Number of protein chains: 2
Amino acid sequence: MPARPTMKDVARQAGVSTMTVSRVVNGEPGVMPETAARVHRAIRSLGYQRDDVARQLRRKGQLTQTVGILLDNVADPFMASLASAVEDVARQQGSVVLIGSSRDDPVREREVVSAFTSRRIDGLILIPVAGSHRFLRNAVATGTRVVCADRSATGLKTDAVVVDNRGSANRAIAHLIAHGHRRIAYLGDRLDIWTIEERYAGYLTALAYAGIPADPAIVRHGLRLADDATAAMTGMLAEADPPTAVLASNGIVGLGVRAALPAGTALVSFDDFLLAAQLDPPVTVIAQDPVAMGSTAAHLLFSRIHGDSSPPRTVVLPTRLVARGSGEISGPY
Amino acid sequence: MPARPTMKDVARQAGVSTMTVSRVVNGEPGVMPETAARVHRAIRSLGYQRDDVARQLRRKGQLTQTVGILLDNVADPFMASLASAVEDVARQQGSVVLIGSSRDDPVREREVVSAFTSRRIDGLILIPVAGSHRFLRNAVATGTRVVCADRSATGLKTDAVVVDNRGSANRAIAHLIAHGHRRIAYLGDRLDIWTIEERYAGYLTALAYAGIPADPAIVRHGLRLADDATAAMTGMLAEADPPTAVLASNGIVGLGVRAALPAGTALVSFDDFLLAAQLDPPVTVIAQDPVAMGSTAAHLLFSRIHGDSSPPRTVVLPTRLVARGSGEISGPY
DNA sequence: TACCAAGCTGACAACGATGTCGACAGGAGT
DNA sequence: ACTCCTGTCGACATCGTTGTCAGCTTGGTA
C-alpha cells in the first residue's frame with residue numbers, strides 16, 4: 001500500500017517549497033501561473049489530496065467544518081427526514097456531518113457526544129434522551145454550539161426547535177370531544193421522554209377543561225414497539241367500559257393501536273406516516289414537519305457557529321391536525 | 001470563550017510533563033498511582049478532553065476511527081435502516097460515522113467522497129449513483145477501503161453487498177404468470193440505476209421464458225416520485241388493452257401505482273414498507289433486509305480495515321417474496 | 001549607478017498529541 | 001562499593017499543514 005502523498009512529496013516533484021504548494025492548493029494569490037501549473041501537474045501525477053486532519057490542527061482558531069447530529073435512531077422515518085434536512089444545510093455551508101444514534105440510552109449518548117467533541121465538531125444538533133445534559137456544559141463552554149431538536153434538554157440552556165406538543169394534544173382531544181366522545185383513551189411511549197410527557201399533559205388538560213375525569217384504566221405508558229401498542233389496545237378493549245376514541249402519542253404507537261382497533265372507534269395519532277391516507281379508514285394525525293425542524297435547527301446552529309451569541313431561544317414550529325376520517329368517527333353521545 | 005485546554009495546561013496544573021499526561025489519558029502503564037491521581041484531578045478541574053484531531057495526525061500509520069457512508073438520500077426508509085445498521089457496527093468497532101447524501105448526483109457524490117477522504121476516513125460504505133467510479137481509485141490506492149451496498153460500482157473493483165435483483169424480479173413475474181396473468185406491466189425508476197436495470201432485465205427474462213412478448217406500451221421508466229408513478233399508471237389504464245398485473249421497481253413506485261390501481265389488478269412491488277400488510281388488499285412485495293445489508297457491508301468493511309486483503313467479493317443476500325394478496329389476484333385466463 | 005517597490009518564494013516555527021530514548025532514583029545482587 | 005536492574009518520568013523530534021517574515025528577483029526611477 002503506497003503511503004498517502006504529502007505536500008512534501010508534491011513540493012519535491014514540482015521543485016518548489018511546501019509553502020508554495022500550500023498556496024496553490026488553497027488558491028491563494030501570489031504564485032506565478034507557470035509555477036502553479038507545475039504544482040498542479042505534480043498534484044495530479046501523485047494523486048495528492050490535502051490532509052484536513054493536519055490542516056485543522058494548524059489552523060486552530062478555525063472551524064473544522066464538521067457538525068454532529070445525534071438522534072434516537074437513524075432508522076426512524078421522522079428522525080431520518082430531520083437528519084436529511086440537516087445534512088442538506090450542512091452541505092450548503094461546506095460542512096460534513098457526523099451521525100450517531102443514542103437509542104434512548106444516556107450512556108451511549110454521552111459516549112457519542114464525547115467521540116464527537118474530541119474530534120472538535122463545530123456544533124451539534126441533539127435530540128436529547130431523558131435525563132440531565134449538564135455534562136454538555138464543558139463542551140458548550142469551549143465553543144461547541146448545541147441546538148436541540150424535537151425535545152429540549154434539561155440542565156442546560158440551549159437553542160431548541162420543537163413543536164407545541166401540549167397544545168397539539170389538547171387540540172386533538174378537543175376535536176374528539178367535539179365529535180361526541182367522552183371516553184377517550186391515551187396510549188403512549190415512555191413518559192420520561194419530554195415530548196411524550198407534554199403530549200400526555202395536553203391530554204389531561206383537555207379532559208379537565210371539558211370536565212371529563214381522567215380514568216387510569218384507559219391510559220397506557222411505556223409502549224416502545226408497535227406490537228406493545230397492539231397488545232395494550234387489545235387488552236384495554238377486553239376490559240369493562242372500553243374507550244370510544246384513542247389518542248396515540250406517536251406514529252409507532254398509532255400503527256400498533258390501529259391494528260387492534262375495531263371499526264367505529266376513533267383514532268388520532270401523533271406523527272404523519274406514509275400511507276396514513278390510503279388506509280381504511282384513513283388515519284387522522286397530528287402532523288409535524290421534520291424537514292422544517294431539521295433545517296431550522298441547522299440554520300440556527302450555523303448562525304451560532306458564525307458568531308451569533310444572542311440569548312438561547314426556542315423556536316416552536318406549528319403542527320397540523322390532518323382530519324382524514326379516523327378521528328371524525330362520532331362518539332355515542 | 002475560554003480556549004480548549006490542552007495537555008500542556010493539564011501538565012502545568014499537575015506539575016508533570018505532557019508525556020505523563022498522555023500516558024494517563026491513554027491508560028498506559030508506568031505511571032505511579034499517585035501521579036496519575038494528580039493528573040486526573042487536573043483533567044477534571046480543567047475539563048480537559050483529548051484532541052483527536054492532533055492525535056490522528058501524530059499516529060500516522062494508524063486509523064482515524066472514522067468511516068463514511070454515502071447514500072442517495074438519508075430520508076429514504078430503506079437507506080435509513082441500512083445506515084442505522086452501519087452505525088451500530090461502527091460503534092461496536094469504536095468508530096464514528098460521517099454521513100452524506102448524493103441525491104443521485106455524480107458531482108455531489110464526488111464532492112462528498114472528497115470531503116470524506118480529505119478527513120482520512122478509514123473506509124467508506126457507498127451506495128453508488130450511476131456512472132463511473134474510477135475517481136475512487138486514488139482513494140483506494142492510498143488505503144481507503146470501499147464497500148458498495150445495494151448496487152455495485154462500475155469502473156472499480158470493490159466488495160459489494162447486493163440482492164439478486166434480476167432473479168427476484170424474475171420470480172415475481174413467474175408468480176404473476178402462475179396466477180394466470182399474461183399482460184403484466186412494468187413501472188420503474190431510472191433505468192441507469194444498476195438495481196433498476198437488473199430488475200427490468202429480470203422482468204424481460206421471465207416474460208421471454210414464458211413466451212410472452214414484451215410490450216413497450218405497458219412499460220414505463222424514469223419514475224422518481226410516487227406522483228409520477230400514479231400519473232403513469234393512470235395514463236396506462238386509459239389506453240387500449242390495459243395490464244392485468246403490475247410489477248413496481250421499488251417501494252416509492254409501488255405506492256404511487258397502488259393509489260391509481262383499480263380493484264382486480266394485481267400488484268407486486270419491490271421493497272417492503274410499513275403498513276403494506278394493513279392495506280386493502282395487502283400488498284405483495286419482494287422484501288429486502290436493509291439491516292442485514294448494512295451490517296454485512298459494515299462487517300466486510302471493518303474486516304478490510306483490519307487487514308483482510310483477499311480479492312474483492314460480492315455478497316448476494318436473499319430476498320423474500322411476501323405474498324399478501326395483491327399479487328395473488330387471478331388473471332383473466 | 002544606486003535604490004526602492006512589488007511580486008514571488010522559501011525557511012522556520014507552531015498547532016496538540018505521541019514514539020523514542022535517555023535520565024534518574026532506589027533496591028538487589030555480587 | 002560497584003554494577004545492573006526496574007520502575008518512573010521528561011526532553012526532543014515528529015506527524016502534515018499553514019502563518020510569519022525575510023530574502024530574492026525584476027524592473028523602474030532618480
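Chain naming here is simple, since letters A, B, ... match the order of the sequence lines and numbering starts at 1 in each. Just so it is clear, the structure is predicted and the values come from calculations on it, not from any experiment.
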What's the closest nucleotide to the A:Thr20 side chain, out of D:dG10, C:dG16, C:dT9?
C:dT9

Whichever of A:Pro33 and A:Arg59 has its nearest DNA chain C nucleotide further upstream toward 5':
A:Pro33

Going by distance alone, is a donor N or O of one side chain under 3.5 Å from an acceptor N or O of the other, for A:Gln49 and B:Ser118?
no

Would you kindly check whether a donor in the side chain of A:Arg120 faces an acceptor in the base of C:dG16, or vice versa, at under 3.5 angstrom?
no

B:Thr6 side-chain proximity, nearest of C:dC15, C:dA17, C:dT20:
C:dA17

A:Leu57 CG to D:dG19 P: how many Å, rounded?
13 Å

What I want to check is whether the side chains of B:Thr64 and B:Asp122 have a donor and an acceptor closer together than 3.5 Å.
yes

So what does B:Met32 touch, heavy atoms closer than 4.0 Å: a base, only the sugar-phosphate, or nothing?
sugar-phosphate

With heavy atoms under 4.0 Å as the rule, sort B:Val16 into base, sugar-phosphate or nothing.
sugar-phosphate

Could you verify whether a donor N or O on one side chain and an acceptor N or O on the other, from B:Arg55 and B:Asn26, lie under 3.5 Å apart?
yes

Here's a test for you: under side chain to side chain contact (heavy atoms under 4.5 Å, CB included), which of A:Val86, A:Leu124, A:Ile121 qualifies with A:Ile69?
A:Val86

Have a look at B:Val31 and say if it touches a base, only the backbone sugar-phosphate, or nothing, with a 4.0 Å heavy-atom cut-off.
sugar-phosphate

Look at A:Ser17 and C:dT9 and indicate whether a side-chain polar atom (N or O) is within less than 4.0 Å of OP1 or OP2.
no

Presence of donor-acceptor pair under 3.5 Å, side chain of A:Arg55 and base of D:dT17
no

Using the closest heavy atom to pick a nucleotide of DNA chain D for each, name whichever of A:Arg50 or B:Met19 lands nearer the 5' end.
B:Met19

When you check the phosphate oxygens OP1 and OP2 of D:dT18, does a side-chain N or O of A:Ser22 lie under 4.0 Å from one of them?
yes

Using a distance-only criterion (donor-acceptor N/O pair, under 3.5 Å, no hydrogens), is the base of D:dT14 paired with the side chain of B:Arg58?
yes

Using a cut-off of 4.0 Å on non-hydrogen atoms, how would the nucleic acid contact of B:Arg23 be classed: base, sugar-phosphate, or nothing?
base

Rounded to the nearest 0.5 Å, what's the gap from CG on A:Leu301 to CZ on A:Arg145? Could you check?
9.0 Å

side-chain N/O A:Thr35 vs C:dT9 OP1/OP2, d < 4.0 Å:
yes

How would you label the contact of A:Asp52 with the nucleic acid (heavy atoms, under 4.0 Å): base, sugar-phosphate, or nothing?
nothing

Roughly how many Å is it from CD in B:Gln62 to P in D:dG16, rounded to a whole number?
13 Å

From CD of B:Gln49 over to C1' of C:dG16, roughly how many Å is that when rounded to an integer?
14 Å

Quick one: B:Lys8 NZ to C:dA14 P, roughly how many Å, whole number?
9 Å

